Number of protein chains: 2
Amino acid sequence: MDDCGNYKNYLNEHGMKSTKQRNLLLSILAKIQTPQTAEKLYLQAIKSDSSINLSTVYRVLEKFTEKNITIRTSFLDDKSVYSLYPKTHQHQLICMRCKKIVLLEHCPLEDFEKSVEESTHFSVVNHRLELYGYCRQCQKIIAMG
Amino acid sequence: MDDCGNYKNYLNEHGMKSTKQRNLLLSILAKIQTPQTAEKLYLQAIKSDSSINLSTVYRVLEKFTEKNITIRTSFLDDKSVYSLYPKTHQHQLICMRCKKIVLLEHCPLEDFEKSVEESTHFSVVNHRLELYGYCRQCQKIIAMG
DNA sequence: TTCCGTGCAAACGCTTTGCACGCAT
DNA sequence: ATGCGTGCAAAGCGTTTGCACGGAA
């Protein structure tokens, strides 16, 4: 991907036609660090292309996710959020006070998945793991009352 | 809780009025091993009380969850499921085809949380872990095409 | 030229809510 | 008697879909 907003080759390589809507969303996703809702991405997109439609954003994100270009996550009672597919397997540590997110590169679940497969006869293909707690600063703030 | 479907004392102790709908849902939840959707619980409930309403089921489950009598979980693109609040810490293994849920009693994250606390200076107070895969039966069905 | 992608509006599915009535306290 | 809980219907909300048009290959 280059950084001028033209992902034609990239899209064609993934079996998709290049359209201005897809290029635009790719450039927005590339700039964004944290997962965003479809609506936030849409609001960002109409700054560049006021005619883009929310349902197009959903359709593009669905197609991207199908191609593993993006990943879709959802939390209880919340909208889904989308981000570029992480280059490495990772998990998130979330501060429950300030919502800061720390990415954890190490995943401790490989052996656990194997033992679960043996005991349940499931084939385990994926998992979801998030840690919740309080970051150093928020711990101090909480301790001060 | 007794097993004849009368949870009056239990409900009153939790600051709730005893109603036939709440008693009925508690007795259904007590009999069920795996988390169920509101609709499934509703379908079970109308067998005993054909006048109970789906919105009542939602309201009762919301109240129960608020009181930590039940727990509510949701997965990407799926309905929420409810179960009695687990007595022990546990996780879920979910079949991505038939949505069957197997409860896992062992949690492999204790050491991991400690090491994360040391490396990040967070205090970790909670986590969310789910495994996704295919159960034995669905593996066979998928293999047959 | 041929379809795939899009804008628009409407439908969808789960869940929540407004209202008036009924029942537990 | 009081006010919470309920049935019913309708609304909410994020997301998906039908349709006809437009644009990429």
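Per chain, numbering begins at 1; letters A, B, ... match sequence-line order. All of these numbers come straight from a predicted model, not from anything done at the bench.
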Residue list, side-chain contact (heavy atoms from CB on, under 4.5 Å) with A:K17, at least two apart or on another chain: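 Counting only residues at least two positions away or on another chain, A:K17 forms a side-chain contact (heavy atoms from CB on, under 4.5 Å) with A:R22.
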Residues in side-chain contact (heavy atoms from CB on, under 4.5 Å) contact with B:E130, at least two apart in sequence or another chain: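 Once residues adjacent in sequence are excluded, the partners of B:E130 under the side-chain contact (heavy atoms from CB on, under 4.5 Å) criterion are A:R128, B:T73, B:F75, B:I94, B:R128, B:Y132.
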Under 3.5 Å donor-acceptor, [X] side chain and [Y] backbone:
X	Y	answer
A:H121	A:E117	no
A:Q92	A:I101	no
B:S119	B:S115	yes
B:H91	B:L129	yes

Protein-to-nucleotide contact annotation, 5' to 3' order, nucleotides 17-25 of chain C [B base; S sugar-phosphate only; - none; under 4.0 Å, heavy atom]: BB-----BS
Candidates D:dT6, C:dG5, C:dC14 - which lies nearest the side chain of B:K79: C:dC14
Contact list for DNA chain D against residues 37-48 of chain A - heavy-atom distance below 4.0 Å: none
Would you say a side-chain N or O of [X] is under 4.0 Å from OP1 or OP2 of [N]?
X	N	answer
A:N53	C:dT6	no
A:S80	D:dG14	no
A:Q21	D:dG23	no

Whole-Å gap separating P (D:dC13) and CG (A:L54):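 After rounding, the gap between these two atoms is 14 Å.
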Axis deviation across the helix from C:dT1-D:dA25 to C:dT25-D:dA1, five-pair ends, to the nearest 10°: 30°
Polar side chain donor-acceptor pair, [X] to [Y], under 3.5 angstrom:
X	Y	value
A:E105	A:T88	yes
B:R72	B:S80	yes
A:S18	A:N12	no

Contacts of B:F112 that satisfy ring-ring contact (aromatic ring centres under 6.0 Å, His included) - sequence neighbours left out: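 Applying ring-ring contact (aromatic ring centres under 6.0 Å, His included) to B:F112 gives A:H106.
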